[in-house]
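Bear in mind that the values here come from a model prediction, so they are computed numbers and not experimental data.
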Amino acid sequence: SKIDSYSTNGLKPNILGAINFKEVFFAYPTRTEVQVLKGLNFDLGTSQTLALVGSSGCGKSTVVNLLERFYDPLDGNIKIDDYDLRTINIPYMRQHISLVSQEPVLFDCSLGENITYGLDEVPHQKIVEAAKKANIHEFIQGLPEGYNTRVGEKGAQLSGGQKQRVAIARALVRD
C-alpha cells in the first residue's frame, strides 16, 4: 500500500496553528519513573500567545518536544487545529514550527543570510518586514553594512537579545 506523505487520512492538512493539549501525560523513556507532564490541558488559538513559565525540569521544553514529535505522549491527546498530531507526517509538521530558544544558533554570515538561513531566494522586502516585526530592523539599519553585516561565529558580534531578535525574524520570515 502507498504510504501517505502528509497524514493518515490521506489529506494534506492546512495547518493554521491552533493547539490543544488534553490530559497529556509524559515521562521520558530513559526515566519512566519520573512523570514530567501529569494531565496537562490547554487550548491555544491561532492568534494567541502562550508563555510557559516554571522551574527547571517542570516540562516547558517537553511541551515543545511533544509538538515537534520528538516524542509522543504516554496518554492524552495533542491536536493542531482539528488534526490529531499523531496523524500528521512528522517532516510536514516540523515545516510549520519555528523555535526561538534562549540561546539561538547564528551562523558566521550576514544578518540577512541568518534571517533567511535554509530558505531559497527570499525578497529583501520580506526580510525587512520580518526584522521590523522582530524589532531588530532599526538596529540593523544603523550598522554600516546593514543587512550585509556579518555577525561572527555563533553571532559573537551581537548581544543575547539581538541574537534572539534575529532568530525571531528567522521564524517570522517563514510565516
S.K.: Should Val24 and Val36 be counted in the same cluster of Ile, Leu, Val, Met, Phe, Trp and Tyr side chains packed under 4.5 Å apart?
M.R.: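 Yes, Val24 and Val36 fall within the same hydrophobic cluster.
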S.K.: How close do Met93 and Ile80 get, heavy atom to heavy atom, and via which atoms?
M.R.: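 Result for this residue pair: CE-CG1, 3.7 Å.
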S.K.: Which pair of non-hydrogen atoms, one from Arg69 and one from Arg94, has the smallest distance, and what is that distance?
M.R.: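 Where Arg69 meets Arg94 most closely, the heavy atoms are O-NH2, 3.4 Å.
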S.K.: Quick one: does any side-chain atom of Thr149 pair with a main-chain N or O of Gly146 as donor and acceptor, under 3.5 Å?
M.R.: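 It does hold such a pair.
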S.K.: Measure the acute angle between the ring planes of Phe107 and Tyr117, then classify it against the limits of 30° and 60° as parallel, tilted or perpendicular.
M.R.: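 Rings of Phe107 and Tyr117: parallel, as their planes differ by under 30°.
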S.K.: Under 6.0 Å from the NZ atom of Lys133, do we count more than 12 heavy atoms belonging to anything else shown?
M.R.: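 Incorrect, the count does not exceed 12.
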S.K.: Is Asp108 salt-bridged to Arg150, cutoff N-O under 4.0 Å?
M.R.: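 Counted as a salt bridge, because a side-chain N and a carboxylate O are separated by less than 4.0 Å.
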S.K.: Answer with yes or no whether the hydrophobic clustering places Leu85 together with Leu50; edges join I, L, V, M, F, W, Y residues whose side-chain heavy atoms lie under 4.5 Å apart.
M.R.: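 Shared cluster, yes.
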S.K.: Please determine whether the number of non-hydrogen atoms from other residues, nucleotides or ligands lying under 6.0 Å from atom CD of Glu121 exceeds 12.
M.R.: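 No, the 6.0 Å shell around CD holds no more than 12 heavy atoms from other groups.
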S.K.: Tell me whether the count of non-hydrogen atoms from other residues, nucleotides or ligands lying under 6.0 Å of CD in Gln102 goes above 12.
M.R.: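 No - once you tally the heavy atoms of other residues, nucleotides and ligands closer than 6.0 Å, there are 12 at most.
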S.K.: In sequence, state the C-alpha distance, the side-chain angles, and the governing distance for Ile140 and Tyr147, and then conclude on side-chain contact (heavy atoms from CB on, under 4.5 Å).
M.R.: CA-CA 6 Å; Ile140 294 171; Tyr147 284 86; 3.5 Å; yes
S.K.: How about Glu103: does its CD atom have over 12 heavy atoms from other parts shown lying under 6.0 Å from it?
M.R.: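 No, CD of Glu103 has 12 or fewer neighbouring heavy atoms, counting only those of other groups under 6.0 Å.
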S.K.: Test of understanding: with ring-ring contact (aromatic ring centres under 6.0 Å, His included), list the residues that count as partners of Phe42, not counting sequence neighbours.
M.R.: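 ring-ring contact (aromatic ring centres under 6.0 Å, His included) list for Phe42, sorted by chain: Phe21.
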S.K.: Less than 4.5 Å apart, any side-chain heavy atom of Val128 and any of His124?
M.R.: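 In short, these two side chains touch, coming nearer than 4.5 Å.
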S.K.: Please assess Tyr28 against Thr62 for the test side-chain contact (heavy atoms from CB on, under 4.5 Å), listing each intermediate value before the final yes or no.
M.R.: CA-CA 9 Å; Tyr28 283 96; Thr62 301; 2.7 Å; yes
